[in-house]
Each structure stands twice: as C-alpha cells, then as structure tokens.
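Numbers restart at 1 for each chain; the letters A, B, ... are given by sequence-line order, proteins then strands.
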Amino acid sequence: MNLVIVESPAKGKTIEKYLGKDYKVLASFGHVRDLPTKTLGVDTKNNFKPEYVIPIKARKTIATLKKEIANADALFLATDYDREGEAIAFHLIEAIKPKKPIKRITFHEITEPAIKEAIKCPRDIDMNLVDAQQARRVLDRLVGYKLSPFLWKKVAQGLSAGRVQSVAVRLIVEREREIQKFKPEEYWSIEALLSKDNPPAGGQFKAILTEKDGKKIDKLAIKSDKDAQKVLDDLKNADYIVSEIKIETKKKYPSPPFTTSTLQMEAGTKLGFTSKQTMKLAQDLYEDGLITYMRTDSLNISPMAMKAARNVISEKYGSRYALPSPRFYKTKAKGAQEAHEAIRPTDLAVVSDQIRISDKHTKLYDLIWKRMIASQMKEAEIDETIVKIAASNYGFASTGQKIQFDGFLKLYNGLKKDIELPNLAKGNKLSLEKLDKFQHFTEPPARFTEGALIKELEKRGIGRPSTYAPTISVVQDRGYVEKAQGKLLPKDIGMAVNDLLVEHFPNIVDYDFTARLEEE
DNA sequence: CAGTGAGCGAGCTTCCGCTTGACTT
C-alpha cells in the first residue's frame, strides 16, 4: 500500500478513485506547521531563523498521517504545484519524519491521465521553492507583528497592519480623497436627428457632432451653454451631406473561464453576492464534485473538458457555434502560479437545473457553466457602419451596428440590439429634423466595489486566490472600511491608520512592495 | 479608618496563505 497526501480532502477522494486500491489518499488540510501565534517566532539575531510549531488543529491530522505511514510502503507528497504546496510537502516531512521512501509528485489538473502520469515521474522536494515560501512567510510575520503593536500604541488596541491589508486600505483611502477633491467639469454635446431626403418618412437616426474645420472636437471642448448655442447658430442654414461611409466587420471574443478573482467579480455584479458568499457557495459545489477547485489563478482547461465543451456546443447550439480547434487562454495576472485548472463544471453534461442544493448554488453553477461553454464557442461577428456627415464647416458621425453572427453572445453577456441606420450612400443629402444641445458634467472616479478592489489587488500581484475574500472581511472587521450601497469607503480610523503607516513605513505600504518581494 | 489614586506588572490584541469543520449567533 502507498500513502498519498494532498491538501484538500475533496481532491483526495477523486484521486483515490483514479489510483485504485494500492493507494490510500489522505489530506493535510492545508499547512501543518506554522510560526507560533503568540510570539514573533523569528530569530532576528540569527539570520531570521523561523521557529515552527504544529498548530492544535493540525495535531490530529499529523497523528493520523503518522499512523497511516507506518502501514505504508511509500509516501507520495501530492500537495499543490506551487510555492505553498512545496512548503507544505517540506513541513509534512519535518512533522511526520517518515521512515519510508518519499516521493514528491505534481499535476495541474485532477484527471485520470494527469494523476497516473504524475505517479510515474516523482521528484525531490525543491528547496529553492520552499525557501522562497519561508522568506515570504517570515517577512509577512515581521511586517504584521511589528507594525500592528505600533498601531496599538499610537491609535487603538486590537488594530492590525500587514503587507496585503494595509495596501487594500490605502487604495480605498486614496480613491476617496481623489473623489473628495474632484471638481466636476461642465461640457456640452450636440446631437442631430437626421433623415434621408426623398422620401422623408421614417429612417430617422441620430448623429453626434465630432469635428470642426476638419479637426476632431475634444469631448470637453464645448464648455458652456453659450458655446453650444454658438454651434447651433453656426449650423442654422447648413446642408447635411453624407461624406463618408465605412463598414467594418468586428470580431468579439468570449472571456476566459473563471479564476477565483473573476468569479468573485462577476458573481458580485451579476448575482449580487459578496466575495465571501461566492466562495462559500463554490466550496459547496466543489465538495459535491460539481466544479473544479475554486481557489485558482489559472486559465487552463484540461483537454478532456475542451473536448466535452465542443460536444455540448455542437449538440445544443449547432456545429457552427463550435470551434474547429480549442481556444487557449493565457493568464495576465502578476505572479500567477497556475497549480490548478480554471474554475469549470467537472461534468459539462450537468446543467444548472440539476443542482438541488439551493437557489443560490444553482445560480452560481449556471454562471460557471455558461462562462466555460461560452469560452469555447465561436466569436461573434458584428458589422459596424460608421457614417460621417458634413454640415458647413462641422462634421457629425453616426455608428450603426448589426450582428452578423451571434456566436458566444447567444449564451453569455447577451445580445445587444442592432443599431439601425437607413440605407445611405456618399453624397446623399439629409434633412435635419432636430438639433439639440445637452449639458454634461465629468464624473469622479467610482468607489471600489469588492470585485473592483480584488481586480486591482490581483493586477498588482497583491494577495492570492485564498485570501481575496478574507482580506475584504478583515479591513471591515478592523473598522478601517465600511460598505455602503455595495461600495467600499474608508472610515476615519482607516484614514488615520493609513496616514500613519504612509508617514512612518512608506516602503512597506508601497504598492510595489509585493512585486519587489516576488522579484527578489 | 475608609476612600482615593499613583505606580507597577501581567496578559491580551496582530501577519499571510493553505485547508475545513467545529463552534457560536
């Protein structure tokens, strides 16, 4: 018998099924050793040597694993293929001290061929990766456990600061200040309602003023009612003549399948779930074997699932919606480690009607299913007609849109209505039905929603899939930030703490601190 | 002699990232 250790018990069950009776698969339930919580646990005078303990929660796990390894011939460490996973494998050895052969194996997807292949090519623990994790851990501890007491002394008991949470607060505080100092700027737009001469009936369409004396008019160029009125006066006796018609076929491609961050964002905007709620629902779906792992930064899809998607698309929507060969996506997220697949249904034949846990589970599953299927559907083709219209020394433009082929839009993000223009030709004379001026004001930047903040953190490489939702919670629990109408805004204490940290520890709350840490 | 207050020491809070139950509301 061989013992295989993975991080997640749900994953373990699946893998055990693939490996058969010669293998027993157990879970470590995440990390099994960590720095002590009560003390710093870092010897700053001795090359920052970390002191590790086995947390109470992990003691039972370790006891079980020790017992099982005694009966096993060999130990396979199948923790995740990333920095934390490598460290967990290392700590498992340190905590168990197995007297059996140890093999480290890795895979990017939980499919039978991937697992069987992994078992065939074991390797040693990569100590460089382990050391990178230890450095990350020690640094986070030093930052968190040195800065937090500084705040207890200067501001209030129980406050906290850290590499990730303090930057999150900073983003929210600085956005709020931008909004506060924002001065709205007035500007005007001019819109003509036109129709084709002979016959005048029907075929009306709108055109926007875009040019003057052959030059583009800046959006903010017309600053007052007086300026706008002057344009209207100038155009009093103008003839409106079609000067140019351009038709372009544009392709619109589907979004990639979900990662943790995009799932949290989309479930927030489309379903109104908080990131915490989304993760809880996704966890349930995962534990029931309905979706792949939900804490991931990878856009990869197993070849088997690609094929399955193609079949579903051909069957449900017709083969012209299927792609001749699979579409691959590459992650743009800084520091992505891609230990898992993207988030997708494990069996694409299961549709949301069959999910009978709760209404919310059904909705989230439906979103994941559609996003996955759409990502392998053919792109949409949209004909865009741009009409330019000359009116004395001014120029107007109107854009028409016609969907030639809906492709993935049939399933995801819906169809926008066609914008119809009458049949026009260069030189056509148009009659003016109405000429209007509209007042506008520039808008301040928007406050962060949970999703927008997660997107910003991910873009900067700050935080990981497992910490986005907890980070949003902690900045609220500390009283730094509150949510109003779904938007995050700083409270006084959040602003005060931020200013103090920026003043005394500018390099640590710097937006690029994490990026530099990763590089170095 | 009761009440007040200064002074002192002990004990508590805290990070990020990996994972779920076992708790409480």
Rounded to the nearest angstrom, tell me the gap between atom [atom1] in [X] and atom [atom2] in [N].
| X | N | atom1 | atom2 | answer |
| --- | --- | --- | --- | --- |
| A/F29 | B/dC18 | CZ | P | 18 Å |
| A/I56 | B/dA22 | CD1 | P | 16 Å |
| A/H91 | B/dG17 | NE2 | C1' | 12 Å |
| A/K146 | B/dT14 | NZ | P | 17 Å |
| A/I5 | B/dC18 | CD1 | P | 19 Å |
| A/Q337 | B/dC18 | CD | C1' | 12 Å |
| A/D82 | B/dT19 | CG | C1' | 13 Å |
| A/Q134 | B/dC18 | CD | P | 15 Å |

With the side chain of [X] defined as its heavy atoms from C-beta on, choose the nearest nucleotide among [options].
| X | options | value |
| --- | --- | --- |
| A/Q283 | B/dT20, B/dC18, B/dC16 | B/dT20 |
| A/Y145 | B/dC18, B/dC16, B/dT14 | B/dT14 |
| A/W152 | B/dC15, B/dT13, B/dT20 | B/dT13 |
| A/E7 | B/dG17, B/dT19, B/dC15 | B/dT19 |
| A/Y293 | B/dT20, B/dT13, B/dT19 | B/dT19 |

Give one of base, sugar-phosphate or nothing for [X], where a contact means two heavy atoms less than 4.0 Å apart.
| X | answer |
| --- | --- |
| A/T37 | base |
| A/Q133 | nothing |
| A/A27 | nothing |
| A/G85 | nothing |
| A/V143 | nothing |
| A/Y286 | sugar-phosphate |
| A/P9 | sugar-phosphate |
| A/Q157 | base |
| A/R136 | base |
| A/R464 | sugar-phosphate |
| A/G162 | sugar-phosphate |
| A/S160 | sugar-phosphate |

> Can A/R478 and A/S160 be counted as having a side-chain donor-acceptor contact under 3.5 angstrom?
Replying inline: yes
Output yes when at least one side-chain N/O atom of [X] is less than 4.0 Å from OP1 or OP2 of [N], else no.
| X | N | result |
| --- | --- | --- |
| A/S466 | B/dC18 | yes |
| A/T467 | B/dG17 | yes |
| A/K38 | B/dT13 | yes |
| A/R478 | B/dC15 | yes |
| A/S28 | B/dC18 | no |

>> Using heavy-atom distances to pick each residue's nearest nucleotide on DNA chain B, tell me which of A/A156 and A/V164 is more 5'.
In response: A/A156
>> Nearest heavy atom decides the nucleotide; on that basis, is A/M294 or A/L159 closer to the 5' end of DNA chain B?
In response: A/L159
> Are A/E94 and A/V32 close enough, and set up right, to give a side chain to side chain contact (heavy atoms under 4.5 Å, CB included), and what steps lead you there?
Replying inline: CA-CA 10 Å; A/E94 294 293 308; A/V32 293; over 6 Å; no
> Pick one: which of A/T44, A/I508, A/L147 meets side-chain contact (heavy atoms from CB on, under 4.5 Å) with A/L142?
Replying inline: A/T44
> Of A/D73, A/N2, A/N71, A/I69, which is the lone residue that meets side-chain contact (heavy atoms from CB on, under 4.5 Å) with A/K100?
Replying inline: A/I69
>> Could you check whether A/R170 makes a cation-pi contact with A/Y511, meaning its NZ or CZ is under 6.0 Å from the centre of the six-membered ring and within 45° of the ring axis?
In response: yes
> Cation over ring, A/K11 on A/F107, under 6.0 Å and within 45°?
Replying inline: no
> Do A/E450 and A/K483 sit within salt-bridge range, that is, some charged N less than 4.0 Å from a carboxylate O?
Replying inline: yes
>> At less than 3.5 Å, do the side-chain atoms of A/R295 and the base atoms of B/dC18 form a donor-acceptor pair?
In response: no
